[in-house]
**Q** 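This is the structure I have questions about; it appears just below.
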Amino acid sequence: MTPITIALSKGRIFDETLPLLAAAGIVPNENPATSRKLIIGANRPDVRVVIVRATDVPTYVQYGAADIGVAGKDVLIEHGGEGLYSPLDLGIARCRMMVAVPEGFDYASAVRQGARLRVASKYIRTAREHFAAKGVHVDLIKLYGSMELAPLAGLADAIVDLVSTGGTLKANKLTACEHIMDISARLVVNQAALKVKRQTLQPIIDAFAGAVEE
Ligand code: ATP
Ligand code: MG
């Protein structure tokens, strides 16, 4: 048996990947929500799961430290996808990438007047491509979290962030003013591993695909 390594982040990606793993006959021995272990075994002795930051999943798979992983489309766009094969939209961890501004800020009129906007985001590449395509002039400010604070603290006019219910925006008196794209998580596979370990990896990919279609 060729051993394989699966990279997952704890939280929603791990939780929502569990049923897909189960469809492939893989049951992790522990949940990272309660365990501090970063390497988790499974019911199958040839499988191990490594727990990494959501943004690090593509990097582990790109360099072959993990053979497969699950990462949000947001994370994959920022990473760039080098060395990755991304065969499957898993339809999990769904949300939307949005532009948001303080309530009362007239975004449409600012754009119409050609104003230069300061935009804070964790998703610089996505934001740059979005505003370039729309011909909106922006100065982008890279943040690593709590984007909602940026307009409130006077750091930026707008943010680009993930929105699911809109509850966090509302709690901070922000409003979503532009939809950039729908986001969900994808299966990513190391291109070299897929060739060398196809006998082990292909059945897992197929089981994931079957479980997603249901
Ligand atoms: P952390 O929240 O620990 O700082 P993170 O934000 O990178 O890390 P998660 O919050 O688990 O990690 O997000 C993982 C992925 O889930 C994201 O890359 C995105 O694709 C998706 N996601 C993020 N926020 C939401 C949400 N509110 N609803 C649904 N999916 C989301
Ligand atoms: Mg998060």
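Any value given below was found using the heavy atoms of this structure, including those in side chains, with hydrogens, waters and symmetry copies removed. In each ligand, atom 1 is the first atom listed, and ligand 1 is the first ligand listed. Here, residue 1 is the first one in the sequence, and each next residue gets the next number.
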**Q** Considering only the protein, which heavy-atom contact is closest to atom 29 (C) of ligand 1, and what is its distance?
**A** R94 O, 3.1 Å

**Q** Does this structure show an ion pair linking K122 with D161, if we count only N-O contacts that are shorter than 4.0 Å?
**A** no

**Q** Looking at atom 4 (O) of ligand 1, what's its closest protein heavy atom, distance included?
**A** R53 NH2, 3.4 Å

**Q** When you measure from atom 20 (O) of ligand 1 to every protein heavy atom, which one gives the shortest distance, and what is it?
**A** D74 OD1, 2.7 Å

**Q** What do we get for I183 next to ligand 1 when only non-hydrogen atoms under 4.0 Å count, side chain, backbone, both or neither?
**A** side chain

**Q** At what distance is the nearest protein heavy atom to atom 30 (N) of ligand 1, and which residue and atom is it?
**A** A93 O, 3.3 Å

**Q** With a 4.0 Å cut-off, strictly under, does atom 2 (O) of ligand 1 pick up any protein heavy atom?
**A** no

**Q** Do the charged groups of D182 and R94 touch, with an N to O distance under 4.0 Å?
**A** no

**Q** Identify, for atom 6 (O) of ligand 1, the protein heavy atom at the shortest distance, and state residue, atom and that distance.
**A** K122 NZ, 3.4 Å

**Q** Verify the neighbour count for atom CD of E82: are there more than 12 heavy atoms of other residues, nucleotides or ligands below 6.0 Å?
**A** yes

**Q** Can you name the atoms of ligand 1, numbered from 1 with element, that are less than 4.0 Å from a heavy atom of G72?
**A** 20 (O)

**Q** Give the atom numbers and elements of ligand 1 that come within less than 4.0 Å of a heavy atom of V75.
**A** 18 (O)

**Q** Which residue is it: M147, E103, E148, M98? I am looking for the one with a side chain to side chain contact (heavy atoms under 4.5 Å, CB included) to L174.
**A** E148

**Q** Applying the side chain to side chain contact (heavy atoms under 4.5 Å, CB included) test to L8, which of I68, V49, L18 qualifies?
**A** V49

**Q** Verify whether one side chain among E78 and T126 offers a donor that lies under 3.5 Å from an acceptor in the other.
**A** yes

**Q** In the protein, which heavy atom is nearest to atom 7 (O) of ligand 1, and how far is it?
**A** A54 CB, 3.4 Å

**Q** Check for a donor-acceptor pair, side chain of D106 on one end and backbone N or O of S109 on the other, with a separation under 3.5 Å.
**A** yes

**Q** Can you tell me which residue and heavy atom of the protein come closest to atom 10 (O) of ligand 1, and the distance to 0.1 Å?
**A** R12 NH1, 2.9 Å

**Q** What protein heavy atom lies closest to atom 27 (N) of ligand 1? Include the residue and the distance to one decimal.
**A** S164 OG, 3.0 Å

**Q** If only atom types and distance count, is the side chain of K173 paired as donor or acceptor with the main-chain N or O of L152 below 3.5 Å?
**A** no

